[in-house]
Amino acid sequence: MKKKWLLKSEPDTFSIDDLQNKGSSLWDGVRNYQARNFLMEMKPGDEAIFYHSNANPPGAAGVAIILDSAKVDPTQFNPESEYFDSKATIEKPRWFCPEVGFKKKFSRLVPLGELREHEKLRNMTLLQKGSRLSVTPLVGDEFATIVDLGSSKKN
DNA sequence: GCCAACGTTGGC
DNA sequence: GCCAACGTTGGC
């Protein structure tokens, strides 16, 4: 069974356009255990909403597809990297990242405010108070609902 | 830039 | 194991 996810990224760092240009990318740099556990659950063929956080406006920007399940995140071993983790060792890596491919960019960015207003997205993890997780599962028809919004004109 | 809501760290 | 201090996230 294919699962659906939501991946947050700051567009100043890595945007849907960057993913489109590269075609695919390791989803590295996640340094939160709960988010990591979700990354490790991802399977090839799973799809994810690509969400722009810390943007103006923040919102859903497109769709990504998981190309390969999570493997060891190489940035944790690199002292030059901002994601370096001195407590991680080759024998006991802490962080893992899947390979993520570009699927599509929405015809319009669906702003956070509009996601909040949508009846069917009421229980979405992203919208819960204080939710800062950068990787969350989508349930029910949340994924399809957001894709519909991103593929249509604003009402 | 502000600040609420978290997560992590480290002394005890 | 508790918890205060600190750091980060992310909307506004």
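Lettering of chains follows the sequences in order, A, B, ..., and the numbering in each one begins at 1.
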Ignoring the backbone of A:Lys8, work out which of C:dC12, C:dG10, B:dG7 is nearest its side chain. C:dG10
Is it true that atom NZ of A:Lys71 has more than 12 heavy atoms of other residues, nucleotides or ligands lying nearer than 6.0 Å? yes
What distance separates A:Gln20 CD from A:Lys105 NZ, expressed to the nearest 0.5 Å? 6.5 Å
The nucleotide from B:dG10, C:dG11, B:dG7 with an atom nearest the side chain of A:Lys87 is B:dG10
In terms of the angle between their ring planes, are A:Trp5 and A:Phe38 parallel, tilted or perpendicular, with boundaries placed at 30° and 60°? tilted
Atom pair distance, as rounded to whole Å: CG in A:Leu7 and P in C:dG10: 12 Å
Distance check needed: C:dG11 C1' versus A:Gln128 CD, whole Å only. 16 Å
For the residue pair A:Arg31 / A:Thr75, report whether a side-chain donor-acceptor contact shorter than 3.5 Å exists. yes
Nearest to the side chain of A:Asn32, heavy atoms from C-beta on, is which of C:dG11, C:dG10, B:dG7? B:dG7
Hey, is the side chain of A:Tyr51 poking within less than 4.0 Å of OP1 or OP2 on C:dG11, counting only N and O atoms? yes
Distance, rounded to the nearest Å, where A:Leu115 contributes CG and C:dG10 contributes C1': 15 Å
Find the distance A:Phe14:CZ to C:dG10:C1' and express it as a whole number of Å. 20 Å
Whole Å only: how far is the NE2 atom of A:His52 from the P atom of C:dG11? 12 Å
Please report, rounded to the nearest Å, how far the C1' atom of B:dG7 is from the CG atom of A:Asn37. 14 Å
Just the rounded figure in Å: distance from C1' of C:dT8 to CG of A:Asn54. 11 Å
From C-beta outward on A:Arg132, which listed nucleotide comes closest to its side chain: C:dT8, C:dG10, C:dC12? C:dT8
Roughly how many Å is it from CG in A:Leu112 to P in C:dG10, rounded to a whole number? 11 Å
